[in-house]
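Chain naming here is simple, since letters A, B, ... match the order of the sequence lines and numbering starts at 1 in each.
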Amino acid sequence: MTIKAVRGVHDILPPEAPAWQRVEATARRVCEAYGYREIRLPIFERTELFARGIGEVTDIVQKEMYTFEDRTGESLTLRPEATASLLRAYIEHGLHVQPKPVRLYTLGPMFRYERPQAGRYRQFHQLNVEALGERHPAVDAEVIALLVELFRGLGLGERLTLQLNSLGDPPDRAAHREQLVAYLRANAARLCEECRERTERNPLRVLDCKRPECQPVLDAAPALADFLGREAAEHFGRVRGYLDAMGLAYVVNPRLVRGFDYYVRTTFELTTTELGAQNAVAGGGRYDGLVERLGGPADPGVGFAVGMERTVLLLGDTTPGTQPLALLIPLGDEAVRRLLPVAQAARARGLAVDVGYGERKLRGELERANKLGVAYAVIVGDTELGKGEAIVREMKTGAQRAVPLAELAAELSALGGRA
RNA sequence: GUGACCGUAGCUCAAUUGGUCAGAGCACUGGACUGUGGCUCCAGGGGUUGUGGGUUCGAUUCCCAUCGGUCACCCCA
């Protein structure tokens, strides 16, 4: 049997590539405009980095990592997310001595061992944006504004909802968790089977349950918002104030819970209803304390990840690729030798031109030109060689005119500049 | 990891109760059309019907396993 791609990974074929290029170009443009600089990171790390960074008890670390041993027996893992790697590099290279906040972004593949489904793959791509070393709530607002601007730039603003929440500081969460578990246990009889299990495993997740029979219990459950300490509450209020000042719309969702252990205070997601069960297109939050946990200075941080596949899915395949400008059609080998340098010159100026090999019939070459979608066909046969000219045919209209061979490269430039 | 549906040519799909059922359209290549495309017509290449077993005189069709896809759960981007 022929070899096929492994489960959950996929090829991005030429028709889809323009949409990816558009997302990447927009991401870079917006990030740079906000003062973020690119950092490129390895796609595997010591397993321990993710265990410590993401949290030992998360699903990702417990069952979704691609972990293997190298030849020395060291345990390595294909990165399931980028923040841990980025912070490792931040610490390792002393980037924290730069003016705060240190603004970084990175782009690339992530790996998680999950059952594939709509908008979910084992190798997928994320854009990560992180602001390190500053705890001011304006930074939270800044990265959120960047995120919103990115999707506005892609024309997807209207199809997404910004959801916002505050998880409070660790002591706030501990206090809330204690009361929440007590409450859920007391009302276990009115909860679904799954929620009863989750009460012990991951109580915050219970609040996410969509089953109608659970809603009455959940509606009356202790709300994390009521447990926020004074500082966390003030921080959240100021983040909202800054977002309001920038005119950014959001929905406060007290049940917004995220999958990594490291989030504190602000968390947010950009959600859609268009991708089936995978409604999060981007998600992030504040992670004060994480840099320190990874062995670095006590620098706070806030950032987010954007799912590129999901973004491209929303974009659809409406992004046009670039078409070659012209097909140069030599009839015979003498004409090939005459046209090759012309093509070379045109390409050196950045024009996309294709050249035939002089062996097909003119009819066939024009068919090819038509299929390639070029704007112009340039025909040079014995007749033209004799007169020292080329025929430039505009494919759309069929209009033709003669151009001296010596001026052909310049003529193509002019046509390319106009197109 | 759990469940449901699905798996025939590069793509989209046919094949009557298991019995010339291995086909069509699109795409590709060539020709009709000696140096002028988009239309039309003709021809050609391309499939061990996902894979491996089983039932049967005979399996694309039935059964089992396995791999993969899709969707949902879980979780998340």
Side-chain angles (χ1 to χ4, degrees), chain A residues 1-10 13 15 23 54 58-64 79-83 107-129 147 160 192-195 197-198 201-202 204-205 208-211 256-260 268-272 275-284 304-314 327 329-332 335 356 358 360-385 391-400:
Chain A
M1 189 163 77
T2 53
I3 297 173
K4 298 202 283 197
V6 306
R7 183 168 210 188
V9 311
H10 63 291
L13 301 175
V23 173
I54 300 168
T58 55
D59 276 16
I60 289 183
V61 169
Q62 287 188 339
K63 51 187 203 195
E64 294 177 8
R79 62 180 185 190
E81 60 109 34
T83 304
L107 218 53
M110 309 294 156
F111 306 84
R112 289 182 202 170
Y113 191 88
E114 297 183 275
R115 276 288 272 279
Q117 73 187 68
R120 193 172 79 183
Y121 308 94
R122 288 185 171 181
Q123 175 178 342
F124 60 102
H125 299 77
Q126 289 186 335
L127 159 70
N128 269 78
V129 173
L147 175 62
L160 297 166
C192 69
E193 175 68 40
E194 228 163 90
C195 283
E197 280 172 33
R198 272 188 289 204
R201 218 175 65 233
N202 193 347
L204 274 185
R205 276 280 159 205
D208 252 355
C209 184
K210 291 135 197 157
R211 295 187 163 231
L256 178 63
V257 176
R258 304 203 35 77
F260 303 122
F268 53 92
E269 273 185 11
L270 218 43
T271 61
T272 175
L275 295 178
Q278 267 56 246
N279 65 340
V281 174
F304 63 78
V306 172
M308 307 275 287
E309 275 78 3
R310 293 179 187 180
T311 303
V312 168
L313 279 173
L314 286 176
L327 172 63
I329 304 175
L331 302 171
R360 210 190 302 255
K361 285 193 279 196
L362 176 57
R363 179 182 198 84
E365 289 288 10
L366 283 171
E367 251 172 56
R368 234 174 87 74
N370 196 41
K371 283 170 191 162
L372 290 173
V374 299
Y376 301 93
V378 175
I379 303 161
V380 175
D382 292 339
T383 317
E384 289 72 29
L385 282 176
I391 294 172
V392 175
R393 177 182 180 86
E394 186 181 358
M395 294 302 288
K396 200 170 179 180
T397 61
Q400 299 190 161

Drop me the distance from [X]'s [atom1] to [Y]'s [atom2], to the nearest 0.5 angstrom.
X        : Y        : atom1 : atom2 : value
A:Tyr376 : A:Lys396 : OH    : NZ    : 10.0 Å
A:Leu127 : A:Met308 : CG    : CE    : 6.5 Å
A:Leu147 : A:Leu270 : CG    : CG    : 5.0 Å
A:Glu365 : A:Leu327 : CD    : CG    : 6.0 Å
A:Tyr113 : A:Ile60  : OH    : CD1   : 16.0 Å
A:Leu314 : A:Leu275 : CG    : CG    : 4.5 Å

Rounding to an integer number of Å, can you tell me how far [X] [atom1] sits from [N] [atom2]?
X        : N     : atom1 : atom2 : value
A:Gln117 : B:A77 : CD    : C1'   : 13 Å
A:Leu275 : B:C75 : CG    : P     : 19 Å
A:Asp59  : B:C73 : CG    : C1'   : 13 Å
A:Glu114 : B:A72 : CD    : P     : 14 Å
A:Arg122 : B:U70 : CZ    : C1'   : 15 Å
A:Glu81  : B:C75 : CD    : P     : 18 Å
A:Met110 : B:A77 : CE    : P     : 11 Å
A:Lys4   : B:G69 : NZ    : P     : 9 Å

What is the nucleic acid contact for [X], judged by heavy atoms within less than 4.0 Å: base, sugar-phosphate only, or nothing?
X        : value
A:Val281 : sugar-phosphate
A:Gly8   : sugar-phosphate
A:Asn279 : base
A:Gly119 : base
A:Phe304 : nothing

**Prompt:** Does a distance-only test, which skips hydrogens and angles, find a donor-acceptor pair under 3.5 Å between the side chain of A:Arg115 and the base of B:C75?
**Reply:**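 It does not, because no donor-acceptor pair links the side chain of A:Arg115 to the base of B:C75 below 3.5 Å.
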**Message:** Taking atom types as they are modelled, would you say the side chain of A:Arg7 forms a donor-acceptor pair with the base of B:C67 within the 3.5 Å cutoff?
**Reply:**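 Answer no: no donor N or O sits under 3.5 Å from an acceptor.
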Work out how far the [atom1] atom of [N] is from that of [M], and round it to whole angstrom.
N     : M     : atom1 : answer
B:G46 : B:A65 : C1'   : 31 Å
B:C62 : B:U55 : C1'   : 8 Å
B:U48 : B:A43 : P     : 24 Å
B:G7  : B:C63 : P     : 12 Å
B:G35 : B:G45 : P     : 26 Å
B:U60 : B:U16 : C1'   : 14 Å
B:G19 : B:G58 : P     : 14 Å
B:G18 : B:C75 : C1'   : 44 Å

Any donor-acceptor pair under 3.5 Å from [X] side chain to [Y] backbone:
X        : Y        : result
A:Arg120 : A:Arg115 : yes
A:Arg79  : A:Met110 : no
A:Glu394 : A:Gln400 : no
A:Arg112 : A:Pro80  : yes

**Request:** Report, as a single string ordered 5' to 3', how protein heavy atoms within less than 4.0 Å touch nucleotides 35-42 of chain B: B base, S sugar-phosphate only, - not at all.
**Result:** BBBBB---
**Given RNA chain B, 5'-ward residue of the pair A:Lys63 and A:Glu269, judged by closest heavy atom** =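 Final value for this comparison: A:Lys63.
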**Asked** Closest nucleotide of RNA chain B for A:Ala118 versus for A:Ala305: which of these residues is on the 5' side?
**Response**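 Looking at the nearest nucleotide for each, A:Ala118 comes out on the 5' side.
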**B:U29 phosphate, OP1 or OP2, under 4.0 Å from A:Lys371 side-chain N/O** =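 Checking A:Lys371 against B:U29: at least one side-chain N or O falls below 4.0 Å of OP1 or OP2.
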**Message:** Wobble G-U and Watson-Crick pairs count when both distances are under 3.5 Å; given that, what is the 5' to 3' dot-bracket string of RNA chain B, with | for pairing to other strands?
**Reply:** (((((((..((((.....[...)))).(((((.......))))).....(((((..]....))))))))))))....
**Asked** Between A:Arg122 and A:Glu114, is the closest basic N to carboxylate O distance under 4.0 Å?
**Response**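 The answer is no: the pair does not qualify as a salt bridge.
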